[in-house]
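Keep in mind that what you see is a predicted model, and the values were worked out from it rather than measured.
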Amino acid sequence: MRYAILSDIHGNLEGLNTVLEHASSQGVDRYVCGGDVVGYNANPKECMDIVRGLDMPCVMGNHDEYIGQDCDLSAFNPIAQEAVLWCRNQLSEEDRQWLRDLRYVRLVDHFSIVHATMDSPRYWGYVQDANDAAANFTYQSTGLCFHGHTHVPQMFIDDGVDIHHGTFIEPLKLQIGNRYFINVGSVGQPRDGDWRAAYCIYDSEEETVELFRLEYDKETTKSKIREAGLPERLAERLDYGK
Ligand code: ZN
């Protein structure tokens with residue numbers, strides 16, 4: 001089985017369509033989503049419809065939570081507040097209910113997905129180094145788990161002695177006995193200095209995980225952000241992948 005694992009789509013329709021086209025050319029059988037379908041970019045509804053249409057198992061991201069629920073936004077900075085309120089207004093009550101119904105952790109066949117980290121999936125901690133990953137592994141019950149949230153593709157490997165932190169230079173070959181916590185990067189707002197949309201393909205027969213980076217029509221995404229009256233900073237950052 002070949003799984004496309006997508007995360008942090010963030011309402012970026014051009015990024016999502018580019019990734020889906022590529023995944024289908026790669027013979028993907030099943031699509032899986034690590035959360036944050038909405039927030040930041042201007043097509044939240046369209047991206048949600050695609051995720052639902054493809055019947056993707058999906059977990060709750062922090063933006064899905066802020067936008068689906070009526071939580072208090074007074075602790076948010078003004079740009080974030082404005083973006084969340086704009087997005088709530090784009091969605092129907094049914095759409096927001098779909099977001100509220102997302103689970104924090106899911107098992108997909110033999111692997112798991114979580115947006116942020118297994119040790120506190122509702123508190124949105126950022127896994128950035130081996131120490132953070134150690135806390136996750138304490139609660140990770142499957143050998144393989146995919147996540148997102150930092151928008152930085154990277155991998156953490158627990159070989160039973162140490163936790164190794166790495167990036168995708170070539171496809172990762174999974175080894176029996178190791179445990180893996182893999183960040184698939186962001187489709188809609190990469191933050192590792194590379195503006196191209198990111199996603200991974202997990203091949204469960206070959207036991208490989210491969211990262212792909214794809215150029216997409218970000219000029220259209222940027223003009224939609226401007227037309228929607230969303231903060232300019234959200235358009236600019238797409239150029240830098242920050
Ligand atoms: Zn995100």
Side-chain angles (χ1 to χ4, degrees), residues 6-19 33-51 58-91 95-96 99 102 115-117 123-129 132 147-154 167 183-199 211-242:
L6 286 60
S7 191
D8 298 272
I9 297 164
H10 283 299
N12 184 334
L13 184 61
E14 293 69 34
L16 178 57
N17 280 333
T18 299
V19 162
C33 180
D36 273 2
V37 180
V38 297
Y40 293 130
N41 299 299
N43 289 115
K45 167 90 176 155
E46 293 79 359
C47 291
M48 280 179 62
D49 286 344
I50 290 172
V51 168
C58 181
V59 282
M60 173 90 79
N62 50 321
H63 287 261
D64 305 321
E65 186 184 80
Y66 307 147
I67 289 159
Q69 299 181 1
D70 286 312
C71 56
D72 173 38
L73 302 174
S74 54
F76 285 48
N77 72 50
I79 288 184
Q81 253 186 49
E82 193 185 325
V84 168
L85 292 173
W86 178 88
C87 194
R88 283 182 184 167
N89 284 327
Q90 306 305 308
L91 302 178
D95 294 331
R96 293 185 65 210
L99 291 172
L102 292 171
H115 184 64
T117 172
Y123 294 97
W124 316 119
Y126 289 92
V127 176
Q128 281 161 329
D129 58 30
D132 302 332
H147 70 124
H149 193 43
T150 63
H151 299 203
V152 174
Q154 56 192 333
T167 50
N183 193 316
V184 298
S186 170
V187 171
Q189 194 196 75
R191 291 183 197 156
D192 60 340
D194 182 342
W195 67 269
R196 297 171 301 165
Y199 85 106
L211 174 75
F212 294 94
R213 298 306 291 260
L214 304 169
E215 295 188 4
Y216 69 95
D217 178 11
K218 71 173 156 51
E219 296 311 315
T220 298
T221 313
K222 284 159 58 188
S223 48
K224 286 178 179 176
I225 289 170
R226 291 178 177 131
E227 278 160 33
L230 282 161
E232 171 62 20
R233 160 95 183 106
L234 296 179
E236 282 169 5
R237 68 188 302 172
L238 295 178
D239 281 333
Y240 305 107
K242 288 281 182 198

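- Residues passing the side chain to side chain donor-acceptor pair (under 3.5 Å) test with R191, sequence neighbours excluded: Y40, H151, Q189.
- Side chains of H10 and D36: a donor-acceptor N/O pair is present below 3.5 angstrom, by distance only.
- At distances below 3.5 Å, not a single donor-acceptor pair connects side-chain atoms of N43 with backbone N or O atoms of N12.
- Listed here is the closest heavy atom pair of I9 and C47: CG2-SG, 3.8 Å.
- Side chain of R96 to main chain of I67: a donor-acceptor pair is present (N/O by atom type, distance under 3.5 Å, no hydrogens or angles).
- By the ring pair (Phe, Tyr, Trp, His ring centres under 6.0 Å) test, H147 pairs with F181, sequence neighbours left out.
- Applying the salt bridge (Lys or Arg N to Asp or Glu O under 4.0 Å) rule to D72 yields no partners; only residues at least two apart in sequence or on another chain are considered.
- Taking CG of N17 as the start and CG of D217 as the end, the distance is 10.5 Å to the nearest 0.5 Å.
- Rounding to the nearest 0.5 Å places OG1 of T150 at 9.0 Å from CG of D192.
- D132 and T117 form no side-chain donor-acceptor contact under 3.5 Å, judged by distance and modelled atom types alone.
- Below 30°, between 30° and 60°, or above 60°: for H115 and W124 the angle between ring planes is above 60°, a perpendicular geometry.
- Put simply, CG on N41 and CD on E14 are 8.5 Å apart, with the number rounded to the nearest 0.5 Å.
- Within the 3.5 Å criterion, the main-chain N or O of Q69 finds a donor-acceptor partner in the side chain of R88.
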